[in-house]
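FYI, side chains are in, hydrogens and waters are out, and symmetry mates aren't considered; it's all heavy atoms of this structure.
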Amino acid sequence: MKRVWVWGTIGIVAIMAGAGTGLGWYVTRSLQPMPASETEQRISLPPGAGTGQLAAELESKGIIRSARVFTWYLKYKQEGGRFQAGEYAMKPGLSPDVIIEHLNQGDTVKEAGIRLTVPEGFTVRQIAEKLQQQEGVDLQQFTNLVQSFKGAEGSAAAQIPADASLRSRLEGYLFPETYEWKKGTSPQEMIETMTQELDKKLGQLPQDWKQTLAQRGLTVHQMLTLASLIEREVVVEDERALVSGVIHNRLKQGMPLQIDATVQYLFDKPKERLFEKDLQIQSPYNTYLNKGLPPGPIASPSLASIKAAIYPADTKYLFYVTKKDGSKAHLFAETFEQHKKNIAESAKSAKP
């Protein structure tokens with residue numbers, strides 16, 4: 001009788017051991033990642049949802065093998081309390097720990113929005129065209145809003161003069177930057193953001209910038225106009241202050257600026273080359289025919305060009321010519337005779 005009891009006990013232990021081994025294998029297997037796939041699934045975790053509901057969806061979408069085992073694993077790891085509600089994008093092949101990490105970090109699917117990069121030197125028209133191409137913004141509507149925009153008191157845009165000759169009221173005031181807005185943001189809100197960004201950037205200038213402007217006899221509007229000329233003329237970074245110096249020197253001497261970019265601004269699309277007839281176009285922006293600065297900016301200047309406009313290089317240069325060797329750098333001169341030599345030198349360096 002005793003022998004029967006002993007053998008019975010051994011049998012029960014063996015069955016239990018076998019069951020434990022089988023359970024362990026089942027759990028281990030259930031926690032293995034699903035076969036990897038590039039098919040993305042959306043997993044929704046509503047606010048207040050329990051881990052059981054989440055696990056069921058993960059299993060139904062093929063992200064995990066067993067909702068029951070995953071729920072048990074979360075309890076074992078003491079996870080779930082920090083999961084952030086929202087919609088997640090997951091692909092089969094993730095391990096349970098990676099899934100938990102995504103949920104803890106709140107790596108939810110970001111709401112589709114509007115992303116606009118305004119390059120330095122872009123005009124209002126180019127910005128409007130880019131918004132039209134990317135987001136379907138009505139070009140004419142955007143242009144009308146630009147013309148009617150009133151800057152908040154104390155802002156740079158509030159200082160735009162009431163000048164009927166301004167080709168585009170906010171030209172130079174939409175700061176070149178990469179912007180992100182929620183889907184459905186209105187063109188008016190976009191314009192406000194870009195003008196506010198200009199104010200933020202002006203706040204990064206040296207503390208004496210307004211005093212320096214006053215000493216030079218320039219308004220903020222004139223400074224931005226000058227900065228836009230620098231932006232369109234300069235490619236080599238170190239030359240911004242030098243070109244600014246040339247412009248300041250010519251203004252002091254009452255010389256016409258004769259800047260090609262001001263003539264190019266008169267065309268909807270810049271020409272590869274300006275002809276003599278182009279330089280005779282009657283416009284207050286044509287710095288070949290008119291002395292002084294044009295009525296307003298011709299593009300959106302960068303902060304570097306704004307700084308150069310306020311703090312020009314102290315030189316006696318009155319002329320510069322672009323090198324034709326492909327470097328896009330300039331040759332500078334104090335006299336017209338030296339300028340003519342630089343033109344000849346530039347021509348010699350032209351690439352065939």
*Answer yes or no: is there an ion pair linking E231 with R240, defined by an N-O contact shorter than 4.0 Å?*
yes
*State plainly whether one hydrophobic cluster holds both V137 and L116, where clusters connect Ile, Leu, Val, Met, Phe, Trp and Tyr through side-chain heavy atoms under 4.5 angstrom apart.*
yes
*Between V69 and Y26, what is the shortest heavy-atom contact and its length?*
CG2-CE2, 3.7 Å
*asked:* Would you say Y288 and D278 are linked by a side-chain donor-acceptor pair, where the criterion is simply a distance under 3.5 Å?
replied: no
*Would L218 and L303 show up in the same hydrophobic cluster when neighbours are defined by side-chain heavy atoms closer than 4.5 Å?*
yes
*Any side-chain heavy-atom pair from I247 and I230 closer than 4.5 angstrom?*
yes
*Say whether T71 and T51, considering side chains only, have a donor N or O and an acceptor N or O under 3.5 Å apart.*
no
*Which heavy atom in F175 sits nearest to a heavy atom in P301, and how many Å separate them?*
CE1-O, 3.7 Å
_E171 with R167: basic N within carboxylate O range, under 4.0 Å_ = no
*Mind checking the OG-NZ spacing from S155 to K150? Nearest 0.5 Å is all I need.*
11.5 Å
_With ring-ring contact (aromatic ring centres under 6.0 Å, His included) as the criterion, how do W181 and Y179 come out once you've worked through the C-alpha distance, each side chain's angles and the decisive distance to 0.1 Å?_
CA-CA 7 Å; W181 296 284; Y179 298 94; 5.4 Å; yes
_Just by distance, no angles: are the side chains of Y88 and Q41 close enough, under 3.5 Å, to form a donor-acceptor pair?_
no
*No-hydrogen, no-angle side-chain donor-acceptor test under 3.5 Å, S66 and S30*: no
*According to the interplanar angle, ranging from 0 to 90°, do the rings of F336 and H339 count as parallel (below 30°), tilted (30 to 60°) or perpendicular (above 60°)?*
tilted
*Determine whether the side chains of Y320 and E239 contain a donor N or O and an acceptor N or O closer than 3.5 Å.*
no
_How close do L202 and W209 get, counting heavy atoms only, and between which atoms?_
O-NE1, 3.6 Å
Side-chain donor-acceptor pairs under 3.5 Å in residues 306-319, sequence neighbours left out?
| unit_1 | atom_1 | unit_2 | atom_2 | d |
| --- | --- | --- | --- | --- |
| Y311 | OH | D208 | OD1 | 2.6 |
| T315 | OG1 | Y317 | N | 3.3 |

*Other residues, nucleotides, ligands: >12 heavy atoms within 6.0 Å of K271 NZ*: yes
*Any Lys/Arg nitrogen of E337 or K341 sitting under 4.0 Å from an Asp/Glu carboxylate oxygen of the other?*
no
*Does a salt bridge link K348 with E345, judged by any charged N lying under 4.0 Å from a carboxylate O?*
no
*Do we see a donor-acceptor contact under 3.5 Å between the side chains of D97 and S95?*
no
_Pair R42 + E40: basic N to acidic O under 4.0 Å_ = yes
_Contacts of R29 that satisfy salt bridge (charged side-chain N to carboxylate O under 4.0 Å, His left out) - sequence neighbours left out_ = none
*Is a side-chain donor-acceptor pair under 3.5 Å present for N249 with Q253?*
no
*More than 12 heavy atoms of other groups within 6.0 Å of Q207 CD*: no
*Please determine, by modelled atom types, if D260 and Q264 share a side-chain donor-acceptor pair under 3.5 angstrom.*
no
*So if you build clusters from Ile, Leu, Val, Met, Phe, Trp, Tyr with side-chain heavy-atom gaps below 4.5 Å, do F149 and L145 land together?*
yes
*May I ask you to say whether R68 pairs ionically with E59, meaning some side-chain N is under 4.0 Å from a carboxylate O?*
no
*By side-chain hydrogen bond (donor to acceptor under 3.5 Å, both in side chains), which residues pair with E38, not counting sequence neighbours?*
K91
